[in-house]
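Notes for the one structure printed next.
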Amino acid sequence: MIDESNPAGRLHRILSEVAAKNGDGICVRDAWAPVFGCAAKDEAAVLRGLVEVYGLCEEVKNLIRLNSDLNHDLYLASFPKIEKAILPVNLGQQWKALRGHLDGEVLARLQFCAEALQGFYSEESISEEDLSQIQEMVSALYDAVTDSSISAELKLALLEELDRIKKAILLIKIKGAKGVKEALQSLVGSVVANHQSLKQLQNDEPDILKRLGGLLDKLDAFTARALKLKRMLTGPVSYILEKITGPDGEEGSAEDV
């Protein structure tokens, strides 16, 4: 069984899924849309998905090259064909013309890449329970922020970060937990940038601050476990949010986070 917790394993699963689409009578857009969980008419979503898959290809190639014990030319020989399949001239062209690039040999070589990365790069499997809990927390905070009376500037900043997390969850089958980690880093940066406004929520909107802290803590624990990394945040999030501003309203150092 192919390990789908590493980038090559995820790429193999995605390409195997789209290669299984019968090429007769369907266009590129119709072949890829179900893979990305979007409607075929939503060309923007299909294009975003293809860009992410191309990025996943680049990640696999970079990881293979980092391992000096591997024959890079041998392991990466099929990637020109893969890239032709995921970089269509237009989404309306016939899928049959591109499907042939994803033959058995190409997928087999990609399987070898996945096996090679097992001892070099790996992530923990992502549980549906964790993803469901994160989605629920994001939705609850999104609604709370939307219905609140906080400043328009802070509201926009928080909603943008929550949208970023939602997209990371939707793309998790492509980017894995790495995309969620990037969204967490962006959220932490936004917290630091808006520390003065967030400080005032302790009195005005304590529920939002509590939910934000809970989400930060959950994302940090989730990504640290999945990516086998140390947690970004070294203390309770409520303490961190206070630390950013300081006990007397003076700005603390972001390094303290």
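- Residues in residues 68-88 take part in no ring-ring contact (aromatic ring centres under 6.0 Å, His included) pair, two or more places apart or across chains.
- Residues meeting the salt bridge (charged side-chain N to carboxylate O under 4.0 Å, His left out) test with E160, sequence neighbours left out: none.
- The side-chain heavy atoms of K218 and Q133, taken from C-beta on, include a pair separated by under 4.5 Å.
- Rounding to the nearest 0.5 Å gives a distance of 8.5 Å between CZ of R164 and OG of S190.
- Applying side chain to side chain contact (heavy atoms under 4.5 Å, CB included) to L11 and the options L110, N6, I86, I174 leaves one that passes, L110.
- In this structure, A183 and A168 approach most closely via the heavy-atom pair CB-CB, 4.2 Å.
- With contacts defined as side-chain heavy-atom distances shorter than 4.5 Å, the pair I150/Q200 does not qualify.
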*Kindly determine whether N22 and W95 satisfy side-chain contact (heavy atoms from CB on, under 4.5 Å), including the steps that lead there.*
CA-CA 8 Å; N22 191 318; W95 172 237; over 6 Å; no
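- K210 NZ: 12 or fewer foreign heavy atoms inside a 6.0 Å radius.
- Pairing each heavy atom of S148 with each of E205, the nearest pair is CB-OE2, 3.6 Å.
- Between atom CD of residue E52 and atom CG of residue L171 there is a gap of 5.0 Å, rounded to the nearest 0.5 Å.
- Remark: E182 pairs with K175 by the side-chain hydrogen bond (donor to acceptor under 3.5 Å, both in side chains) rule, at least two apart or across chains.
- Of the inter-residue distances, the one linking L102 atom CG with I82 atom CD1 reads 7.0 Å to the nearest 0.5 angstrom.
- Interatomic distance, L187 CG to I165 CD1, rounded to the nearest 0.5 Å: 5.0 Å.
- R211 has a carboxylate O that lies under 4.0 Å from a charged side-chain N of D207, or vice versa, which qualifies the two as a salt bridge.
- Rounding to the nearest 0.5 Å places OG of S151 at 8.5 Å from CG of L158.
- Put simply, the side chain of E161 reaches to within 4.5 Å of the side chain of S186, judged on heavy atoms.
- A search for side-chain hydrogen bond (donor to acceptor under 3.5 Å, both in side chains) contacts involving K61 returns E58, E83, not counting sequence neighbours.
- Hydrophobic clustering, with ILVMFWY side chains joined whenever heavy atoms are under 4.5 angstrom apart, groups L216 together with L159.
- Here the shortest heavy-atom pairing between S197 and L154 reads CB-CD2, 3.8 Å.
- Applying the side-chain hydrogen bond (donor to acceptor under 3.5 Å, both in side chains) criterion to R13, with sequence neighbours excluded, gives E4.
- Side-chain contact between V106 and L15 is absent, with no heavy atoms from C-beta onward closer than 4.5 Å.
- Side chains of V191 and L212 form a contact here, defined as non-hydrogen atoms less than 4.5 Å apart.
- Two residues are said to be in side-chain contact when any heavy atoms from C-beta on lie closer than 4.5 Å; L98 and K84 fail this criterion.
- Between S78 and H101 the shortest side-chain heavy-atom distance does not fall below 4.5 Å.
- For Y142, the ring-ring contact (aromatic ring centres under 6.0 Å, His included) criterion is met by no residue, not counting sequence neighbours.
- Contacts classified as salt bridge (Lys or Arg N to Asp or Glu O under 4.0 Å) and involving residues 32-43 (residues at least two apart or in different chains) are given here: R29-E43.
- For the pair R109 and E105, the salt-bridge criterion is met [side-chain N within less than 4.0 Å of a carboxylate O].
- Nearest approach of A177 to A226, heavy atoms of both residues: CB-CB, 3.5 Å.
- Legend: residues meeting side-chain hydrogen bond (donor to acceptor under 3.5 Å, both in side chains) with K166, ordered by chain and number and at least two apart, are absent.
- Using a 4.0 Å cut-off between charged side-chain N and carboxylate O, E59 and K178 make a salt bridge.
- Under a 3.5 Å cut-off, the side chain of K181 and the backbone N or O of A224 do not form any donor-acceptor pair.
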*Do L162 and L215 pass the side-chain contact (heavy atoms from CB on, under 4.5 Å) test, and can you show the C-alpha distance, the side-chain angles, and the key distance before you say yes or no?*
CA-CA 10 Å; L162 293 174; L215 179 60; 3.7 Å; yes
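- Every pair passing ring-ring contact (aromatic ring centres under 6.0 Å, His included) that includes a residue from residues 35-58 is listed here, sequence neighbours excluded: W32-F36.
- Between C57 atom SG and L76 atom CG the span is 10.5 Å, to the nearest 0.5 Å.
- By the salt bridge (charged side-chain N to carboxylate O under 4.0 Å, His left out) test, R65 is found to be paired with no residue, residues two or more places apart in sequence or in another chain being considered.
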*Evaluate the side-chain contact (heavy atoms from CB on, under 4.5 Å) criterion for residues Q93 and C27: first the C-alpha distance (whole Å), next the side-chain angles of each, then the deciding distance (0.1 Å), finally the verdict.*
CA-CA 5 Å; Q93 72 183 103; C27 64; over 6 Å; no
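- A salt bridge does not link K21 with D30: none of the charged nitrogens is closer than 4.0 Å to a carboxylate oxygen.
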*Working for side-chain contact (heavy atoms from CB on, under 4.5 Å), residues I14 and L56*: CA-CA 10 Å; I14 291 166; L56 184 58; 4.0 Å; yes
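- Looking only at side-chain heavy atoms (C-beta outward), V145 and I208 come within less than 4.5 Å of each other.
- For S16, the side chain to side chain contact (heavy atoms under 4.5 Å, CB included) partners are H12, L107, not counting sequence neighbours.
- What you find for L70 and A116 is that their closest heavy atoms are CD1-CB, 3.9 Å.
- Under the 4.5 Å side-chain heavy-atom criterion for ILVMFWY residues, no single connected hydrophobic cluster contains both L74 and F112.
- Under the 4.5 Å side-chain heavy-atom criterion for grouping Ile, Leu, Val, Met, Phe, Trp and Tyr, V46 is not connected to L170 through any hydrophobic cluster.
- Placement of L87 and V51 in two distinct hydrophobic clusters is found when ILVMFWY residues are connected by side-chain heavy-atom separations under 4.5 Å, directly or transitively.
- Residue pairs meeting the salt bridge (Lys or Arg N to Asp or Glu O under 4.0 Å) criterion with at least one partner in residues 139-152, sequence neighbours excluded, do not occur; the list is empty.
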